[in-house]
Enquirer: 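Take a look at the following structure, please.
Source: prediction; values computed, not measured.
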Amino acid sequence: MMTYKYQTPILLEQLRSWQMEIASEVPYLEPPTGLYLGIDRSDTGYFCTPVDAVGFARTGSDGEHFAFLSDFGTTMSLAEAPVIRVMPMESQHTRLVARNLFDFFCLHFYDELLLLGEYSSEEEYLESVQEQAARQESTEWFDLDRWRREQAQVTAWAAEQFHFAPIPQAWQYQQELRAERERNVRVATNDTLGVLALNGQTGIISAEIPDHLTDEEDLEELQVYFRTAEKEVKLAFIRNMQHDASSDPLLVEWCAGQLTEMGMPEEAENLRVRLLN
């Protein structure tokens, strides 16, 4: 079982307990919130879940899950850490979706489609919401009206219990959140997340990050490159390596060693688990 230096957010613990308590009252929903909640402490993981991410919610479909992004340990609390969507079956595996855990659940209960997909404009998003509301999919095995009634009941209970509410102009909120992060990124990466400035550093680094490598000779070149590379560039290389699903044992172990040397033993173990298991 994996260990984490962060405490589980109280809100997440409360939601998990609450979900179990109400399950018998909404039997058509499994689970009641539509999410399997709990910190992922397993010794397995998806290749594209960033090494500095902690999974906390699963949809139960195609490995899709949501995770806190600790930004390599710089966040003070998981409750305030940005939330990302991880989709192993998609070409773009990761996207920032919410500023923090509370906002995530506000979106989940009132603007769930923003957590599950990408929309090029607010108009496109609102059209998708209308299309979803207009669907009539009841069959002799599935009662859509009952499903919607129970879902609405859970949303009402959640609002009363935890004070969740719709985020005004939710699509715009998400776009502004991503733009804000992009402005704070010091090194851009292929997974759209980037690496933020560490240790009070400032300025964007426009480094040419090497592609992940395939033989010992290339690894020797990478070792030379890392000797003078800034810390954020090294971490950006590792982000890109995960995005590209590198499974070369020699490279993964060497990069895990680099993370350990940078004082990130949990991230090092996550790299091994997510790329080699």
Enquirer: Taking it one step at a time, do Arg41 and Glu269 satisfy salt bridge (Lys or Arg N to Asp or Glu O under 4.0 Å)?
Expert: CA-CA 12 Å; Arg41 300 183 185 277; Glu269 186 57 26; over 6 Å; no

Enquirer: Determine whether a donor-acceptor pair (N or O, by modelled atom type, separation under 3.5 Å) exists between the side chain of Thr260 and the backbone of Pro265.
Expert: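 No, because the side chain of Thr260 does not come within donor-acceptor range (under 3.5 Å) of the backbone of Pro265.
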
Enquirer: Ignoring hydrogens and geometry, is there a side-chain-to-backbone donor-acceptor pair from Asp143 to Asp145 under 3.5 Å?
Expert: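 Yes; judged by distance alone, with no hydrogens or angles, the pair exists.
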
Enquirer: ring-ring contact (aromatic ring centres under 6.0 Å, His included) with Phe105: which of Phe164, Trp18, Tyr110, Phe162?
Expert: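 Among the candidates, only Phe164 passes.
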
Enquirer: Are Tyr36 and Phe68 in one and the same hydrophobic cluster, where Ile, Leu, Val, Met, Phe, Trp and Tyr link if side-chain heavy atoms are under 4.5 Å apart?
Expert: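 No: no chain of side-chain contacts under 4.5 Å links Tyr36 to Phe68.
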
Enquirer: Could you tell me whether the side chain of Gln242 and the main chain of Val51 form a donor-acceptor pair under 3.5 Å?
Expert: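 Yes.
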
Enquirer: Okay, side chain of Gln19, backbone of Thr33: is any donor-acceptor separation there less than 3.5 Å?
Expert: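 Yes; at least one donor-acceptor contact below 3.5 Å.
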
Enquirer: What is the minimum heavy-atom distance between Leu96 and Pro82, and which atoms define it?
Expert: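 In terms of heavy atoms, the two residues are closest at CD1-CB, 3.6 Å.
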
Enquirer: Look only at the side chain of Arg58 and the backbone of Leu37, and say whether a donor-acceptor pair between them is shorter than 3.5 Å.
Expert: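 Flag not set: sc Arg58 to bb Leu37 has no pair under 3.5 Å.
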
Enquirer: Knowing that exactly one of Ser121, Ser128, Ser120 qualifies, which makes a side chain to side chain donor-acceptor pair (under 3.5 Å) with Glu124?
Expert: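 With Glu124 as partner, side chain to side chain donor-acceptor pair (under 3.5 Å) holds for just one option, Ser120.
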
Enquirer: Grouping I, L, V, M, F, W and Y whenever their side-chain heavy atoms are under 4.5 Å apart, do Leu12 and Met20 come out in a common cluster?
Expert: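 Looking at the clustering, Met20 is in a separate group from Leu12.
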
Enquirer: List the steps, then state whether salt bridge (Lys or Arg N to Asp or Glu O under 4.0 Å) holds for Glu230 with Lys234.
Expert: CA-CA 7 Å; Glu230 295 194 52; Lys234 297 176 184 180; over 6 Å; no

Enquirer: Judged by atom type as modelled, is there a donor-acceptor pair below 3.5 Å linking the side chain of Asp40 to the main-chain atoms of Gly55?
Expert: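 Such a contact is absent between Asp40 side chain and Gly55 backbone.
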
Enquirer: Glu182: what forms a side chain to side chain donor-acceptor pair (under 3.5 Å) with it, not counting sequence neighbours?
Expert: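 With sequence neighbours excluded, Glu182 shows a side chain to side chain donor-acceptor pair (under 3.5 Å) to no residue whatsoever.
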
Enquirer: What residues form a side chain to side chain contact (heavy atoms under 4.5 Å, CB included) with Ala79, not counting sequence neighbours?
Expert: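 Side chain to side chain contact (heavy atoms under 4.5 Å, CB included) list for Ala79, sorted by chain: Pro9, Ser77.
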
Enquirer: Looking only at side chains, do Ser246 and Asp248 share a donor and an acceptor under 3.5 Å apart?
Expert: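 No, no side-chain donor-acceptor contact under 3.5 Å.
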
Enquirer: Looking at residues at least two apart in the chain, or sitting in another chain, which of them share a side chain to side chain contact (heavy atoms under 4.5 Å, CB included) with Glu90?
Expert: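 If we apply the side chain to side chain contact (heavy atoms under 4.5 Å, CB included) test to Glu90, skipping adjacent residues, the hits are Met87.
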
Enquirer: Are Arg99 and Glu80 close enough, and set up right, to give a salt bridge (Lys or Arg N to Asp or Glu O under 4.0 Å), and what steps lead you there?
Expert: CA-CA 7 Å; Arg99 183 177 299 278; Glu80 295 305 320; over 6 Å; no

Enquirer: For the pair Thr74 and Leu196, evaluate side-chain contact (heavy atoms from CB on, under 4.5 Å) and give the outcome as yes or no after the intermediate values.
Expert: CA-CA 9 Å; Thr74 59; Leu196 302 185; 5.5 Å; no

Enquirer: For Phe226 and Val233: C-alpha separation, side-chain torsions, deciding distance, then whether side-chain contact (heavy atoms from CB on, under 4.5 Å) applies.
Expert: CA-CA 9 Å; Phe226 264 46; Val233 174; over 6 Å; no

Enquirer: Quick one: does Arg239's side chain have a donor or acceptor within less than 3.5 Å of a partner on Asn190's backbone?
Expert: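 Judged by distance alone, no pair lies under 3.5 Å.
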
Enquirer: Answer yes or no: is there a donor N or O on one side and an acceptor on the other, between the side chain of Gln174 and the main chain of Val97, under 3.5 Å?
Expert: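 Yes: the side chain of Gln174 pairs with the backbone of Val97.
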
Enquirer: If you compare all heavy atoms of Pro32 against all heavy atoms of Ala23, which two are closest, and at what distance to 0.1 Å?
Expert: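 For Pro32 versus Ala23, the nearest heavy atoms are CG-CA, 3.7 Å.
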
Enquirer: Listed by chain and number, what are the side chain to side chain donor-acceptor pair (under 3.5 Å) partners of Gln151, not counting sequence neighbours?
Expert: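 In terms of side chain to side chain donor-acceptor pair (under 3.5 Å), with neighbours along the sequence ignored, Gln151 is linked to no residue.
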
Enquirer: Under a 3.5 Å distance rule, please check whether Arg274 uses its side chain to pair with a backbone N or O of Pro50 as donor and acceptor.
Expert: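 Indeed, once roles are kept as given, a pair shorter than 3.5 Å links the two residues.
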
Enquirer: How would you list, by chain and number, every residue that makes a side chain to side chain contact (heavy atoms under 4.5 Å, CB included) with Thr192, sequence neighbours excluded?
Expert: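 Partners of Thr192 by the side chain to side chain contact (heavy atoms under 4.5 Å, CB included) criterion, ordered by chain and then number, come out as Gln92, Thr94, Arg95.
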
Enquirer: Has the side chain of Glu232 got a donor or acceptor atom that lies under 3.5 Å from a matching backbone atom of Val195?
Expert: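 No: the side chain of Glu232 does not pair with the backbone of Val195.
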
Enquirer: Taking the side chain as C-beta and beyond, is there a heavy-atom pair between Asn270 and Thr49 under 4.5 Å?
Expert: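 Sidechains of Thr49 and Asn270: no contact.
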
Enquirer: Closest approach of Gly73 and Glu267, non-hydrogen atoms and distance?
Expert: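 Taking every non-hydrogen atom into account, N-OE2, 4.0 Å.
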
Enquirer: Determine the interplanar angle of the His65 and Tyr46 rings, folded into 0 to 90°, and report it as parallel if under 30°, tilted if 30 to 60°, perpendicular if over 60°.
Expert: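 Geometry flag for Tyr46 against His65: parallel rings.
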
Enquirer: Side chains of Asp111 and Tyr173: any donor to acceptor distance under 3.5 Å?
Expert: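 Note: Tyr173 and Asp111 side chains miss the donor-acceptor criterion.
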
Enquirer: Could you tell me whether Glu253 and Arg272 have a side-chain N and a carboxylate O separated by less than 4.0 Å?
Expert: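 Yes, charged N to carboxylate O under 4.0 Å.
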
Enquirer: Test of understanding: with side chain to side chain donor-acceptor pair (under 3.5 Å), list the residues that count as partners of Thr75, not counting sequence neighbours.
Expert: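 For Thr75, no residue satisfies side chain to side chain donor-acceptor pair (under 3.5 Å) once neighbours in sequence are set aside.
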
Enquirer: Treat each ILVMFWY residue as a node, draw an edge where side-chain heavy atoms are under 4.5 Å apart, and state whether Leu35 and Met89 are in one component.
Expert: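 Leu35 does not cluster with Met89.
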
